[in-house]
Amino acid sequence: MSQPVETPAAAPAMEPLFGEPDKPVRKRRSRAKELLEGSNEPQREAVLHEGSPLLVVAGAGSGKTRVLTRRIAYLVSERDAHPGSILAITFTNKAAAEMRHRVADIIGNRARIMWVSTFHSACVRILRAELHRFGYAREFSIYDDADSKRLMQLVCSDLGLDPKRHPVRKVLNWVSNCKNDLVDHESAGSRAGLGEESYPEAYAQYQLRLRKASALDFDDLIMLTVHLFQAFAEVREHYRRRFRHVLVDEYQDTNHAQYVLIRELCGPSDAGAAAPAPTDQEAPQEGAIDPPELMVVGDSDQSIYAFRGATIRNILDFSTDFPGARTIMLEQNYRSTQTVLSAANAVISHNDGRPAKNLWSAAGDGDRIVGYVADSEHDEAQFVASEVRELVEQGRGTYGETAVFYRTNAQSRAFEEVFIRTGVPYRVVGGVRFYERKEIRDVIAYLRAIANPADDVSVRRILNVPKRGIGDKSEGAIDALAQKAGIPFSEALRRASETALAPGSVKKITGFVDLIDEHRQLVADGAPAHDVLASILDRSGYHAELQGSKDPQDETRMENLAEFLAVAEEFATQASTVDLDGAGAEPNLVGAPEPDPSLPAFLERIALVADSDQIPDAESGGVVTLMTLHTAKGLEFDTVFLTGCEDGILPHQRTLTDPGELAEERRLTYVGITRARKRLYLSRAVSRSAWGAPQHNPPSRFLGEIPDRLMDWRRLGSAVTSWQNSSATARYRERNRIEGFASRVDSPRAKKSIELAVGDKILHTSFGLGTVKKITGSGSNAKAEVDFGSMGAKLLAVQFAPIEKLD
Ligand SMILES: Nc1ncnc2c1ncn2[C@@H]1O[C@H](COP(=O)(O)OP(=O)(O)OP(=O)(O)O)[C@@H](O)[C@H]1O
Ligand SMILES: [Mg+2]
């Protein structure tokens, strides 16, 4: 669906523009010099370039993002560009905030009116202003991944699609790919392969339902903006006039729809398609304005979203797409040691058909890369935890400057368990995300139902949450009425009396409708989002239900809701302090942020919050960051642990037979390696548990591509390292591993019997981390019901189970 986005946040890949951030803003004369200070020649050229479209292609850590940021500052401070005429596209909201902050160091608060945002956020702003032209209401909802999935689930069951053969996710991806390629449902028929014959119909139904709910999914945001520009020349022209400078980071990960969007904005104007490239000397003529100046930066070796429609064609064909384009290459890497860089270069050089690059570093060789072969994923995690502690204890590193990368989210569990036990502070990026927690999703559904009456998915989600006696039967009757009368579900709720439902049920439904209406009135009266939120938590009974519960998890839920309320309050404060001084200078500018603490504005903001936006800032965090390789793009850390270097993990199992996908896995590895500034660790486990059974993976083929001289192998595995020997030996080793671990856990238990209480956290040798939900019996008969998250709930004999109580 939407591209997950990553951010320079834990360790911003951007140094302050001027030495110390608190220095008073210097005189303008010296700004240009300062902005260019320390830059190498091609970097300077990229900052100074004027006129024709500009492509900066360069390997990792060569300063692409830095150049882009400095160029913005230069445009405003030296070329008198109005901040409101700048559109900068970054990969995450956080990266956008970071960039705006840097520029604000120079031009002050006026930086706030620049459009520095992700593709999705920029499109939302355009659509809010323009989408009515397609007959949409201004208060459309934005469906995130989970909402889209729910909706598609309804479609699939309507069409009678067998979920085994046609998993919802698969159908949704198919639709998403269509949208990324700007193929609408009418013309999607020819894309359906064998077995996918019903997908175009699913696409059509899905769009119909979205439309009925006045909702857009993430992919629609881009596609509809493109459609708008293509359908209404005056809209396109308006934004071309507005944005005189367009800058795009991570261009290698743009998909076709995003490319067309940029082309609509910055391509040659229709009339003058064959005209020579515009230069800055040409005065704009009446009616025919030069295209905006375009700068894109990227690295085709870091293209890692092909599976979501991204195409490096956009980089390769830039000069054809944008006639007269200039290309600048950067070759010096400022991030990493030569050792790290040589390893990265060695790996990526195994990909075919890429232009040779000559990336070098002046940072010296630095430490060799530490290699480690662990017996199991637990051993691997132990090793990482003890290395991290040692680095910190010896003053050679900090938690905040350390990251652990893995290929798939599920791999984080082993690290979490060991980190908790050994007291290494950490944060998982992209695990169970805040905005995906049930309670948060529930209240967002309330807010959406209030903001957008047609949002059926949201209304149905909270119809009986908390329980108010509107059960499946009532919902079914309302649904039937909605289908029969061809009206939205929420409309049918109002006509509940027309169904055969008992008066008691109708009354309950009316109560719900009144509750929502009452809050809709609050919004209409101008109440800010946090007031609406506080009121609905109270009046819906949601808060009271959690408060009355004895389940300790509900306590956590209350904390999360409190945090969410704080988010809403903070949003209102920020919204009301936006300085409009810059916007005032040019009253015709549209889209400058308005001080808008309203519910729709708040919903828009949270709909676009990406998981990686939760990366703690280095200052506030000071914790180890655990994340997938995809999330790591654009970031940098002093110390990087790249774990699970096994064939079947990295490269991922399903890519092993496809050379194209294998090449993408190699690029992913390249991204991972090049995040490291000083120290890189590569580890693998001889055995790891998968679906309850041990799995024995050979070493990653990418490890073999790194020259030996760069590696310092700390451990090559125990005597029995043969992964081929999967049967008897493996079982023996696996048993030993568990018993070995259990006996370590057992020893303190033998001395002192375990006492557990509800809410305690425990560690089980096989099930991992769990929370005690219930205790029955006592002494040697004590039994605990424990929630092991994704492993399910288990009943354990407290004194005999291989468990350890965590503090
Ligand atoms: N001329 C320079 N002098 C000093 N430091 C520099 C210079 N150019 C870049 N850097 C630093 O090098 C690091 C990498 O820069 P940056 O993140 O902009 O690279 P990038 O090309 O965007 O990398 P990636 O491909 O990983 O996104 C940053 O810490 C940046 O501040
Ligand atoms: Mg970058």
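Model, not experiment: these values are computed from the prediction. Read the numbers this way: they start at 1 and go in the same order the structure lists the ligands and their atoms.
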Atoms of ligand 1 close to S39 [distance to a heavy atom under 4.0 angstrom, numbered from 1]: 1 (N)
Among R675, K64, E636, closest by any non-hydrogen atom to atom 14 (C) of ligand 1: E636
Mutual orientation of the aromatic rings belonging to F322 and Y259 [parallel < 30°, tilted 30-60°, perpendicular > 60°]: perpendicular
Mode of Q43 contact toward ligand 1 - side chain, backbone, both, neither (heavy atoms, under 4.0 Å): side chain
A58 heavy atom under 4.0 Å from ligand 1: no
Parallel, tilted or perpendicular: rings of F405 and F637 (30°, 60°): perpendicular
Those atoms of ligand 1 less than 4.0 Å from some heavy atom in G63: 9 (C), 15 (O), 16 (P), 18 (O), 19 (O), 20 (P), 21 (O)
A60 versus R675, closest heavy-atom pair with distance: CB-NH2, 3.7 Å
Ligand 1 atoms in contact with G38 (distance to a heavy atom under 4.0 Å): 1 (N), 2 (C), 3 (N)
Option nearest atom 17 (O) of ligand 1 (shortest heavy-atom distance, choices R335, E250, R70, Q252): R335
Mutual orientation of the aromatic rings belonging to Y251 and F318 [parallel < 30°, tilted 30-60°, perpendicular > 60°]: perpendicular
Closest approach of K633 to I304 (non-hydrogen atoms, all atoms of both residues): CD-CD1, 3.8 Å
Contact check: D299 vs ligand 1, nitrogen or oxygen atoms, below 3.5 angstrom: no
All side-chain contact (heavy atoms from CB on, under 4.5 Å) counterparts of P707, not counting sequence neighbours: A346, R709, L710
